[in-house]
Number of protein chains: 2
Amino acid sequence: MLKRTRDIQKALSESGYRITQPRQAVIEVILRARRSLSPEEILARARKIDPGVGLATVYRTLDVLHAEGYLERVRIGNKGYTLTCTEKTLHFHLICERCRTVTELQSDRFSRDLMAQLRAAGFEARKHAIEIIGRCAKCQPSE
Amino acid sequence: MLKRTRDIQKALSESGYRITQPRQAVIEVILRARRSLSPEEILARARKIDPGVGLATVYRTLDVLHAEGYLERVRIGNKGYTLTCTEKTLHFHLICERCRTVTELQSDRFSRDLMAQLRAAGFEARKHAIEIIGRCAKCQPSE
DNA sequence: GGTTTATTGAGAACGATTCTCACCAAGGCC
DNA sequence: GGCCTTGGTGAGAATCGTTCTCAATAAACC
Ligand SMILES: [Mn+2]
Ligand SMILES: [Mn+2]
Ligand SMILES: [Zn+2]
Ligand SMILES: [Zn+2]
């Protein structure tokens, strides 16, 4: 089991959630993934750890992780893929539409500028989703 | 009929689309709206102009407008609301989760910075969705 | 007006997500 | 360790938004 899996479990436990087999499996799967996964993909991988897991529980666990701030939902096209996220600060996602890898980026200048704009507009931000969709460096159309 | 409705109709017509009653109604509804609307809301309003319009046609017209660059889909929560958009350049959306108003903002500094980051990452951007979710100036919790 | 053919409305079909409910097991307590 | 309480679970039904199907319609062009 990954160290970060234990960290998240401990935090969930302290928030009053029970650490069940299915939850452990789902968390482990998401942390191990190199790219964002759909709920169905998470289910398939989780079943290799705990064969009995059900799809509804995958959705429920995603909700828990989202509510506790350990997971973001990122969309590619109409499909709802998911992604772990450690960052709490303003950052953005480069989503490769070919390999589905999600790269997280940050920029202080970017953040400062955005904050200033929000203040000017009198807008109180609660959350953000900054997604740039295209091709990552590895997936450029060769030519 | 709004002038901009006629402009869009003319452009669609020149692209080979037929200017039908339902399409006219949907375009007019979206342009008149002060906030983003769901497909169901668009249907309800379009039926006040042309009572026979069907839901499938609303979806189809949204697809056409999207394909022709006259409309963006913006999500609030899980629901897919829609919005007209004139801007072609990099810009972002301030989405009020209370009144659903979508404000479009732009910033040259922001754009330049983002472009630089993308270049550094070797990422080829095709489209973007920059959404800040929260409360607009009018919807601040009083006090 | 007549012809062609893209577009339409109604309802069926679909896929993703959520709900229901009887059963189960995590975690606190002795 | 065993017992109890109750939150969590799996299976399948239900729901919801969206897409599809197809016969009927009406734009657009002559
Ligand atoms: Mn992130
Ligand atoms: Mn826009
Ligand atoms: Zn890629
Ligand atoms: Zn508002």
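Just the heavy atoms: all of them, side chains too, but no hydrogens, waters or symmetry mates, feed the values below. In this text, all values refer to a predicted model and were calculated from it rather than measured experimentally. Numbered from 1 within each chain, the chains take letters A, B, ... in sequence-line order.
Here Arg35(A) pairs with Glu41(A) in a salt bridge; the nearest charged N to carboxylate O distance falls below 4.0 Å. Under a 4.0 Å N-O distance rule, the pair Arg73(B)/Asp63(B) qualifies as a salt bridge.
Residue Arg47(B) contributes atom CZ, which lies 14 Å from atom P of dT8(C) at whole-angstrom precision. Spacing between atom CD of Gln9(B) and atom C1' of dA27(D) amounts to 13 Å, rounded to whole angstrom units. dG10(D) atom C1' lies 11 Å from atom CG of Leu43(A), rounded to whole Å. In this structure, Arg23(B) places its CZ atom 8 Å from C1' of dA6(C), rounding to the nearest Å. The separation between Gln21(B) atom CD and dA6(C) atom C1' is 15 Å, rounded to whole Å. Separating the CD1 atom of Ile27(A) from the P atom of dG8(D) is a distance of 12 Å, rounded to the nearest angstrom.
In this model, a side-chain donor or acceptor of Arg18(B) finds a partner on the base of dA6(C) within 3.5 Å. Donor-acceptor pairing under 3.5 Å, judged by distance alone, is present between the side chain of Arg60(B) and the base of dG9(C).
Counting non-hydrogen atoms under 4.0 angstrom, Ile19(B) reaches the backbone sugars and phosphates but no base. Residue Glu40(B) is out of contact with every strand shown, counting any heavy-atom pair closer than 4.0 Å. Using a 4.0 Å heavy-atom cutoff across all strands shown, Gly52(A) reaches sugar-phosphate atoms only and no base atom.
Distances were taken from every side-chain heavy atom of Tyr17(B) (C-beta onward) to each of dT17(C), dT19(D), dT7(C); the shortest belongs to dT7(C). When the nucleotides dC19(C), dA26(C), dG9(C) are ranked by their closest atom to the side chain of Thr20(A), dA26(C) comes out on top. Among the nucleotides dT17(C), dA27(D), dT8(C), the one closest to the side chain of Thr57(B) is dT8(C). Considering only side-chain atoms of Tyr59(B), the nucleotide from dT17(C), dT18(D), dA26(C) that sits closest is dT18(D). Comparing dG9(C), dG7(D), dT9(D) by their nearest atom to the side chain of Pro22(B) picks out dG9(C).
There is no path of hydrophobic side-chain contacts, each under 4.5 Å, that joins Val26(A) to Met1(A).
With respect to Thr5(B), the side-chain hydrogen bond (donor to acceptor under 3.5 Å, both in side chains) criterion is satisfied by exactly one of Lys10(B), Gln24(B), Glu28(B): Glu28(B).
At least one donor-acceptor pair under 3.5 Å links the side chain of Asp113(B) to the backbone N or O of Phe110(A).
In this structure, Leu55(B) and Thr61(A) both approach DNA chain D, and ranking their closest nucleotides by distance from the 5' end singles out Thr61(A).
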